There are 2 protein chains.
Amino acid sequence: MRNYKFPKIPEATIKRLSIYHRVLNELIHEGVEVVSSHRLSELTGLNAPQIRKDLTYFGEFGVRGVGYFVIHLHDSIREILGINKKWNVILVGVGKLGQALLSYENFEKQGYHIIAAFDTDPSKIGKKFGTNEIPVMPLDNIKKIAKEYNVKIAIITTPSESAQIVLNVIEEAEIEGVINFAPIKLTPNKKVTKISYVDLVTELDKMAFKITSS
Amino acid sequence: MRNYKFPKIPEATIKRLSIYHRVLNELIHEGVEVVSSHRLSELTGLNAPQIRKDLTYFGEFGVRGVGYFVIHLHDSIREILGINKKWNVILVGVGKLGQALLSYENFEKQGYHIIAAFDTDPSKIGKKFGTNEIPVMPLDNIKKIAKEYNVKIAIITTPSESAQIVLNVIEEAEIEGVINFAPIKLTPNKKVTKISYVDLVTELDKMAFKITSS
DNA sequence: TCCTGTGAAAGCGTTCACAGCG
DNA sequence: CGCTGTGAACGCTTTCACAGGA
């Protein structure tokens with residue numbers, strides 16, 4: 001397997017790769033075989049030199065005078081992002097938002113399989129959610145399940161008060177990546193732990209500012 | 001009212017202001033009266049000069065040798081972001097994710113009031129969701145409700161296929177800001193329309209990359 | 001002395017013009 | 001000729017060291 005530990009890839013480039021990947025998916029379904037950076041620009045709203053630059057961080061995927069072969073580029077991006085294989089994921093905090101994510105079909109479509117959910121509420125344990133019938137278990141089981149299913153990513157959708165404790169448990173289970181929906185800063189105990197934040201109120205605040213200041 | 005149309009405020013600064021605001025909220029509840037940029041740094045994980053710089057884009061809020069008065073800074077940020085008043089918001093697309101957001105209490109707490117939800121599914125129309133009993137209406141009502149309640153922000157949680165059509169309707173209703181959860185690029189018809197994207201699969205893709213490449 | 005405010009420098013990401021090649 | 005690949009320039013954001021003031 002190729003080593004993609006390049007030194008200076010902008011975080012924003014990775015985000016855009018994910019978007020190219022989605023668009024290429026659609027092009028494949030439409031039967032399109034070749035696409036230019038200009039066409040990708042139209043489809044994504046990003047500009048063409050940006051797209052070319054992003055791609056060349058990882059190699060030369062295009063053909064000069066022609067463009068990019070859709071399937072080849074799609075596969076290459078999958079390999080780069082590491083999504084050419086299934087990822088088993090767990091979710092902690094089966095409130096409304098957690099339940100919504102357990103039913104979110106795009107995760108499964110993109111190869112993210114939520115293998116189990118966890119909650120402290122006894123009335124939720126044993127229940128199943130989503131079309132995949134994802135079972136809810138007590139937090140004690142996280143370590144066992146994570147080992148058994150090689151889980152590397154966890155989603156936290158607990159209230160803010162519980163999120164740090166949950167993170168501790170998650171790190172105990174050797175899970176490396178956490179997507180945190182709780183609006184609170186988490187402090188990892190291990191250096192390897194990667195935490196990303198999805199902050200819904202912040203999104204609204206940014207929008208409020210834009211409207212107010214325009 | 002002061003005019004905050006400053007020329008060169010980084011987008012990232014606005015996001016951080018939202019975070020400072022949240023932390024200041026907590027400090028107020030703890031009865032803390034004064035806070036230094038160093039302490040804010042600990043609480044947010046951002047570094048202290050960054051915090052000072054962010055704040056001085058908008059004025060001088062601190063006292064040298066002392067720090068920032070929590071309540072004063074909190075109020076100032078509210079005014080800057082434009083969240084010193086209630087915002088009426090609508091949500092379009094009452095699927096699982098939409099329903100979860102209709103029940104998301106942090107919106108209401110922060111002054112974002114979802115006034116109504118909209119869907120094309122007749123079986124959903126007339127129902128009410130969330131603790132605030134938010135009613136679901138047909139899309140035809142968007143314009144009327146938006147006018148009546150002075151709605152400036154809409155949240156789109158429809159499937160990708162419907163999102164562009166919904167945006168068109170939203171723009172008809174003179175709504176300026178859209179937070180789009182559908183994983184598709186939307187093309188606004190008006191220059192004033194502001195669109196922000198919350199892309200859950202992209203978050204997972206970024207995490208997959210980080211883990212794979214580490 | 002302490003902590004904020006800030007200009008200047010460094011660092012980083014994007015844009016551009018064109019070189020390179022089918 | 002067309003479209004990719006890319007070094008260099010540009011512009012934006014963060015960092016830093018210290019000036020400024022209670």
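In this text the structure is predicted, and so the values were computed from the model without any measurement. Side-chain atoms are counted along with the backbone in the values below, which use heavy atoms only and exclude waters and symmetry mates. Order of the sequence lines fixes the chain letters, A, B, ..., with proteins taken first and strands second; residue numbering starts at 1 for each chain.
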Who are the salt bridge (Lys or Arg N to Asp or Glu O under 4.0 Å) partners of B:Lys86, not counting sequence neighbours?
B:Glu108

Basic-acidic side-chain contact under 4.0 Å: A:Glu172, A:Lys190:
no

Is B:Asp199 salt-bridged to A:Lys15, going by a charged N under 4.0 Å from an acidic O?
no

Within the pair A:Tyr68 and D:dG5, is there a side-chain N or O less than 4.0 Å away from OP1 or OP2?
yes

Would you mind reading off the distance between B:Leu40 atom CG and C:dC3 atom C1', rounded to a whole angstrom?
12 Å

Please give, in whole Å, the distance from C:dG13 C1' to A:Asp54 CG?
10 Å

Separation of atom OH in A:Tyr57 from atom P in D:dT6, rounded to whole Å:
12 Å

Distance, rounded to the nearest Å, where B:Ile51 contributes CD1 and C:dC3 contributes P:
14 Å

Between A:Lys8 (NZ) and C:dA10 (P), how many Å, whole number?
15 Å

Using a cut-off of strictly less than 4.0 Å, decide whether A:Arg16 has a side-chain nitrogen or oxygen near OP1 or OP2 of C:dT14.
yes

Atom CZ of B:Phe69 to atom C1' of C:dT4: distance rounded to whole Å?
13 Å

Between A:Ser37 and D:dC3, is there a side-chain N or O to OP1/OP2 distance below 4.0 Å?
no

Quick check for you: to the nearest 0.5 Å, what is the distance between B:Ile9 atom CD1 and B:Ile80 atom CD1?
8.5 Å

Is the backbone N or O of A:Leu46 less than 3.5 Å from a side-chain atom of A:Ser41, with the two atoms forming a donor-acceptor pair by type?
yes

From D:dG5, C:dC3, C:dT14, pick the nucleotide closest to the side chain of B:Ser36?
C:dC3

Please report, rounded to the nearest Å, how far the C1' atom of D:dT4 is from the CD atom of A:Glu60.
8 Å

Donor-acceptor contact below 3.5 Å, side chain B:Thr44 vs main chain B:Leu40
yes

A correct 5'-to-3' footprint of nucleotides 15-22 of chain D, with B, S and - meaning base, sugar-phosphate only and no protein heavy atom under 4.0 Å, is BBB--BBS

At under 4.0 Å between heavy atoms, what does A:Ala12 touch on the DNA or RNA strands: base, sugar-phosphate, or nothing?
sugar-phosphate

When you measure from the side chain of B:Ser103 to the backbone N and O of B:Gln99, does any donor-acceptor pair fall under 3.5 Å?
yes

Return the value, rounded to whole Å, for the distance between atom CD1 of A:Ile9 and atom P of C:dT14.
12 Å

